[in-house]
Structures are given as C-alpha cells and as structure tokens.
There are 2 protein chains.
Amino acid sequence: MTEARPGPRERMVFSAAQLIRRQGVAATGMREVAAHAGAPRGSLQHYFPGGKEQLVNEAVQWAGRYAGKRIARFLAGLDEPTPSGLFAAMAAQWTDEYAADGFAAGCPVAAATVDRAASADATRRAAAAAFTAWRAPLAAALTDLGVPAGRAESLATLMISTLEGAILLARAEQDTAPLTTAVRELGPLLDAARA
Amino acid sequence: MTEARPGPRERMVFSAAQLIRRQGVAATGMREVAAHAGAPRGSLQHYFPGGKEQLVNEAVQWAGRYAGKRIARFLAGLDEPTPSGLFAAMAAQWTDEYAADGFAAGCPVAAATVDRAASADATRRAAAAAFTAWRAPLAAALTDLGVPAGRAESLATLMISTLEGAILLARAEQDTAPLTTAVRELGPLLDAARA
DNA sequence: GCGCTACTATGACCAGTGTCATAAGCCGCG
DNA sequence: CGCGGCTTATGACACTGGTCATAGTAGCGC
C-alpha cells in the first residue's frame, strides 16, 4: 500500500459499485452506501450534490477504469503471452471470486446498463464510457500479442461480450461452467487471429 | 391467431416481462404492470398470491420458453441452414428491434439475474431454468446442423453468453455494432465445428 | 331466485426511498 | 482567540413501493 486509506468520497464510490454489482442500482439505497462505506450520511449531499445519479455514474466510471487497468496486470502475469491466455486470465478473476465468495456479485457496469440505460441517459453514457475504457487497453494488448490492428478491436468487443454474458449465466446457474466453456471455445479462435 | 386474445393473467405476465426488460425488476411496480396490461389492480393479488416474486418468476419463465420456441422458427427460416446462420438470425432479432424501436429494452432474464440473483433464490432458479429452456433446443438445433453432440452443448452456451453480452454492450453504446461483430467473428468458429 | 365461486374494487398501512434545510462540529490561519 | 472553510449531523418532507383487509360485483349451475 503506497498510499493511505482512501478518503470517504472514494470509499463511497467503491461501496456503491460493490452494492450495485450485487443488488442492482434501484435496490441500492444511498443510506446503505454510506453505511457500507463507513461514511457519515451527511457526506452524501456534500460530495455528491448531483444525487444518486452522480454517485452511480462515478461508480460505473470507477469500474470501467478498474477493468481497464487490470488488462495490463493480466498481460504482465501471463506465463506465455497469448490472446487466449489473456482471456483465460480475465475469466479466471471471476471463477476465482465465485469459487471463493459465492455467486452473489456480477459486473456493476452490466447492472447499471440493465437498470438505467433506458431511464437515465447520463448513466447509460457512463456505462458506454466504461466499456470503452475496458476495450481500448484490451485491443491494444491484443495488437501487442500479434493480432492485426483490424481484428484487435473486434476481438476485444467479442471477448467483453462473451465474458459479460458468461458472468450472467454463471450467476444464474451458480456454476462457473459458462466461464470455463467460453475460455475453452473462444481460445483457439483468439490465438488463430495472430498474424 | 388461432386462439383468442390472452386472458388478463397472461397479459400481466407478458407486461411484466416487457417492463422488466426495460427498467429492471426493482424499478418495475406491480401497479405499473397491471396498468400496462390493462388489467384491474385487484387481479394482482388474485392471480399472483405469491406477490411480486411470483409475478417476476413467471415472467422470467415465460421469456425462457419464448426464447426456446424461437429457435425452431429461426431454424426453419434459414436459407441455407448453418450454425452461423442460426446465430445470425438470433442476433438479427435484436438488431432489428434496436433499429426499429431504439435501444430501450434488453433481455428480461438478464435483468432478473442482475437484480435478484443474490436476493431471491427462487428468481435466480427461474432464470437458470430459462437459460436451460433456451439452451436445450439450441443445442439440439446445432446437432441437427451437423455439430457433434459433445460440442453442441458448449457452443450453445457460448452463443447465448456472447449474445447476452453483445445485447448489453449494444444497449450501453446505443449501437448494434457489438451484435454484428459477434456474428461476424463467431460465425466461422460455429461452422467449423460441423463434423 | 339462490348460492357459490371467480373476479374486481378500493382504501389503508408501513417501510422504505431520495432529497432538502438547517444546524452543529472541526481545524487550520490570521 | 476568532473567523471561515470544509465536513458532518439530524430531522423532516413528499412520495412510492408491496402488501393486506375488506367489500363489492358477475356469472353460472341448480
């Protein structure tokens, strides 16, 4: 830990993301977020004068940045760097969590999209931005791994789509099989795309 | 129409599914469902004594059956029956809807999973059953199209995962590109699986 | 016509929501 | 000390949610 414990504002954003990815946006209350973050209730209106929408949007944005940063870590941690290995590492983050903590949580960006895409356009745009913040470094990583520039963007989209869907199925069925299936079936396709 | 207009009970289940796939489960009220179905409010407690959870579960179940039945139709409507063509038809249902009516709605089963998987186990199980009701005929169709039995189940899971994720991305970005990308990238893989 | 069942109608309740107004505490600076 | 900022505290408001209780109506068999 090179930096001190994050301030209450960051903790609230983080807590919001955690609660949203478990319960969805609508079922997550502001008071609940403050309590979960160990932050005073009064700080809500101080740090987030834009109300719940602002808090949700920042949580989504945070999740997007987080996912984007993970890509570099995954890439660095691969024994033999291949597209399929990268995808396997992305999926493993979820299978590990599900094995350790149960199937309670999903992706916060997915939850925000499902709950708010139609009703809050700012949140929908935040979700789109989050997916972009995730896809861009992923596509860059694929080109690093030898995938032609033309394919990299498409395959990054495919990887994220498949991963999000597999997370959904895994949660519903309380079984990591959809995730492992995705890795197994998609892996060869990804590696074959290398120049 | 060989059968008469469906009764109020079915209309309410249908309306619930429609509203859920737009707004999510938590944001969809019982009174709203009744109003949308043109059904009297008093019928809610009459037909669904199990309350909102029962209504949601039946809506999810209905969606699963619907998706399962569509497979046969898609299969019958293909010019040249191939796995990739089937997948393209599944995706086209969404691109068509999005082009015609905008990106307001997603998959009701996905919404129920995101909103309720952690809090209502019966709903989570209903979602799992819905995915099964979707995957089973899809896997059967793949074997019909020449995919070996061993692969068919896996590829069916992959197709549903990717489609669900692509729907999510498409809604967030208000762009059908994720759906078309999924079809383009996944198609060859699916056709190559034929014996 | 009677009675029974199926359905509808309506009002109330309580827990919960997001939001606001207002006031207090804390703390460094002058 | 005293002032002024950031932060926190707390109570109230208006509203909606699901659920329940209770009463009312429709229609059909007898």
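Lettering follows sequence order; numbering is per chain, from 1.
The stretch residues 42-60 of chain A comes close to DNA chain D through A:Gly42, A:Ser43, A:His46, A:Tyr47, each having a heavy atom under 4.0 Å from the strand. A heavy atom lying under 4.0 Å from DNA chain C marks the following residues of residues 14-30 of chain A, by number: A:Thr28, A:Gly29, A:Met30.
Within the 3.5 Å criterion, the main-chain N or O of A:Gly64 finds no donor-acceptor partner in the side chain of A:Lys69. In terms of modelled atom types and a separation under 3.5 Å, the side chain of A:Arg21 and the main chain of A:Gly106 share a donor-acceptor contact. The closest donor-acceptor contact from the side chain of A:Asp175 to the backbone of A:Ala170 lies at 3.5 Å or more, if one exists at all. Side-chain N or O atoms of B:Arg11 include one that pairs as donor or acceptor with a backbone N or O of B:Ala37 at under 3.5 Å.
No side-chain donor from either of A:Arg9 and A:Ser43 sits under 3.5 Å from a side-chain acceptor of the other. Residues B:Glu58 and B:Gln54 bring a donor and an acceptor atom of their side chains to less than 3.5 Å of each other.
With contacts defined as side-chain heavy-atom distances shorter than 4.5 Å, the pair A:Gln18/A:Phe14 qualifies.
B:Met12 places its CE atom 10 Å from the P atom of C:dC7, with the value rounded to the nearest Å. Between B:Arg41 atom CZ and D:dT19 atom P the separation is 12 Å, expressed in whole Å.
For A:Arg31, whose side chain is taken as the heavy atoms from C-beta onward, the closest listed nucleotide among C:dT19, D:dG11, D:dT8 is C:dT19.
Between A:Glu32 and A:Arg41 there is no salt bridge, since none of the side-chain N atoms of the basic residue sits less than 4.0 Å from a carboxylate O of the acidic one.
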